[in-house]
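For the single chain, residues carry numbers from 1 onward in sequence order. Indexing begins at 1, ligand by ligand and atom by atom, following the structure's order. Since we're looking at a predicted model, the values are computed, not measured.
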Amino acid sequence: MRVFITGITGPVGSFLADYLLTIPSLDIHAFKRWRSDPRPIEHLLGKITIHEGDIEDAFAVDRAIAAARPDRIFHLAAQSYPSASWDAPIVTMRANVEGTINLLEAARRHVPYARIHIAGTSAEYGPVRPEDVPIREDHPLRPASPYGVSKVAAELSGLQYHASYGLHVVVTRSFNHVGPRQGDRCSIQTFCRQMALIEAGRQPPVIYVGNLAPKRDFSHTRDVARALWLLLEHGVPGEVYNLCSGHAVRIGDIVDMVVAMGRVPAKVQVDPARLRPVDEPILQGDNSKLRAATGWQPEIGIEQIVAEVLDYWRQQFGI
Ligand SMILES: Nc1nc2c(ncn2[C@@H]2O[C@H](COP(=O)(O)OP(=O)(O)O[C@H]3O[C@H](CO)[C@@H](O)[C@H](O)[C@@H]3O)[C@@H](O)[C@H]2O)c(=O)[nH]1
């Protein structure tokens with residue numbers, strides 16, 4: 001069976017490939033943006049087939065799908081930073097909406113039998129009332145960021161290709177997915193990177209943070225990879241599934257965890273540049289639909305997530 005992953009260098013892509021490599025007789029192909037940093041996939045070279053291109057380039061996507069002829073497609077490529085989407089709304093729309101349609105069109109043309117996963121996000125829900133958590137899939141979508149809007153359009157495009165052409169499309173609304181090998185734009189990443197820099201003596205002993213009040217639902221990327229595979233095997237086409245741990249943690253508590261795990265003392269200071277125009281106070285998902293469909297359970301808790309990410313950044317700085 002041939003599998004195709006877009007967004008292979010992104011937060012989840014390389015972990016999904018790692019997981020799929022443990023399943024016998026899968027032939028793994030991946031679509032890599034020609035200018036993306038290859039370091040997250042260095043360990044995969046020679047084990048998977050890489051197709052270079054850009055998800056916004058319909059010809060490149062078409063060519064890659066025609067060459068790989070996959071039976072399973074995991075669409076993870078995106079402009080995935082809510083914070084960046086206010087500064088780059090059009091780029092966000094192009095990558096996330098046009099990119100998804102490029103992929104769906106290529107699949108429709110070359111592999112209409114393929115099972116396709118489309119990655120949506122909890123940011124599609126936007127701000128919810130405390131009494132609405134844990135959020136279920138039937139909760140109204142009121143995204144508060146250009147990123148959230150773009151992912152609603154991507155998700156609906158996938159569902160429309162299912163309705164119009166009968167493609168086997170399954171959508172996840174992915175809550176926060178965290179692990180090593182990611183950049184430093186997301187909360188846990190930047191806190192851990194700064195702590196590692198402080199330990200290395202390369203930053204004064206202050207961790208700069210944004211809004212500490214929100215609560216988020218974090219899953220480890222290894223748990224996420226397993227869920228994605230199970231969902232494409234067992235999920236119902238045309239359906240949407242929350243992909244989350246079911247628990248929410250206050251961002252301020254994460255910062256405290258990082259400080260407590262640090263090898264040297266550090267203070268915490270709010271940097272106004274890190275505050276967003278709008279911030280969802282709580283995004284905590286109900287994962288019962290996913291669990292019922294797949295039997296999946298998250299195995300890695302928040303303490304281990306933070307510890308692994310901190311160790312990852314220590315390794316980056318040689319400590
Ligand atoms: N990035 C960042 N966030 C901070 C900081 N300080 C506080 N926060 C708060 O931490 C929360 C989580 O921010 P991120 O970790 O950046 O995640 P996100 O905005 O929820 O986006 C991530 O999760 C989405 C699913 O909820 C994903 O869809 C998206 O791609 C991304 O991975 C937000 O409320 C943010 O304001 C900081 O210094 N940096």
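- When A78, S187, G285, S85 are checked for heavy-atom proximity to atom 4 (C) of ligand 1, S187 turns out nearest.
- Atom 1 (N) of ligand 1 has as its closest protein heavy atom R185 O, 2.7 Å.
- Here's the thing with T190: none of its N/O atoms is less than 3.5 angstrom from an N/O atom of ligand 1.
- Contacts with ligand 1 closer than 4.0 Å are made by no heavy atom of S83, backbone or side chain.
- Using modelled atom types, one finds a donor on one side chain and an acceptor on the other under 3.5 Å when comparing D279 with N211.
- With S80, G10, A84 as candidates, the residue nearest to atom 30 (O) of ligand 1 on a non-hydrogen basis is S80.
- Side-chain contact between R216 and P214 is present, with heavy atoms from C-beta onward closer than 4.5 Å.
- Close approach to P82 involves these atoms of ligand 1, each under 4.0 Å from a residue heavy atom: 18 (P), 19 (O), 21 (O), 29 (C).
- At the shortest separation from atom 6 (N) of ligand 1 among protein heavy atoms lies G210 N, 2.8 Å.
- Side-chain atoms of H177 and T221 form no donor-acceptor pair, as typed in the model, at a separation below 3.5 Å.
- No donor-acceptor pair closer than 3.5 Å links the side chain of R173 to the backbone N or O of T121.
- Annotation: H162 is not in aromatic contact with H168 [ring centroid separation under 6.0 Å not met].
- Protein heavy atom at the shortest distance from atom 19 (O) of ligand 1 is R276 NH1, 2.6 Å.
- Close approach to I251 involves these atoms of ligand 1, each under 4.0 Å from a residue heavy atom: 7 (C), 10 (O), 11 (C).
- Each of the following atoms of ligand 1 lies closer than 4.0 Å to a heavy atom of S174: 25 (C).
- For ligand 1, none of its N or O atoms has an N or O atom of L283 under 3.5 Å away.
- Scanning the protein heavy atoms around atom 20 (O) of ligand 1, the nearest turns out to be N176 ND2, 3.1 Å.
- Residues D184 and T190 bring no donor and acceptor atom of their side chains to less than 3.5 Å of each other.
- To the nearest 0.5 Å, atoms CZ (F317) and CG (L197) are separated by 4.0 Å.
- Taken to the nearest 0.5 Å, the CE atom of M93 stands 10.5 Å off from the CD atom of Q79.
- For atom 38 (O) of ligand 1, the closest non-hydrogen atom on the protein side is R274 NH1, 2.8 Å.
- Salt-bridge check for D27 with R69: failed, with every basic side-chain N at 4.0 Å or more from each acidic carboxylate O.
- When hydrogens are left out, the protein atom nearest atom 9 (C) of ligand 1 is N211 O, 3.6 Å; that is the closest non-hydrogen contact.
- Close approach to R216 involves these atoms of ligand 1, each under 4.0 Å from a residue heavy atom: 12 (C), 20 (O), 33 (C), 34 (O).
- Considering every non-hydrogen atom in both N102 and I55, the closest pair reads ND2-O, 2.8 Å.
- The shortest N or O to N or O distance between D279 and ligand 1 is below 3.5 Å.
- Residue contact check: T121 has heavy atoms under 4.0 Å from atoms 24 (C), 25 (C), 27 (C), 28 (O) of ligand 1.
- Taking a 4.0 Å cut-off on heavy atoms, Y81 fails to register as neighbouring ligand 1.
- Considering backbone and side-chain N/O of S122, one or more are found under 3.5 Å from N/O of ligand 1.
- Atoms CD and CZ, on E199 and R263 in that order, are 5.5 Å from each other to the nearest 0.5 Å.
- Of the protein's non-hydrogen atoms, the one nearest atom 27 (C) of ligand 1 is Y147 OH, 3.5 Å.
- Taking a cutoff of 4.0 Å between a charged side-chain nitrogen and a carboxylate oxygen, R181 and D18 qualify as a salt bridge.
- Taking the six-membered ring where the residue is Trp, H139 and Y125 present perpendicular rings, their angle passing 60° and hence far from 30°.
- For atom 32 (O) of ligand 1, the nearest protein heavy atom (residue, atom name, distance) is C186 SG, 3.9 Å.
- Interface of P214 with ligand 1, defined as ligand atoms under 4.0 Å from a residue heavy atom, comprises 34 (O).
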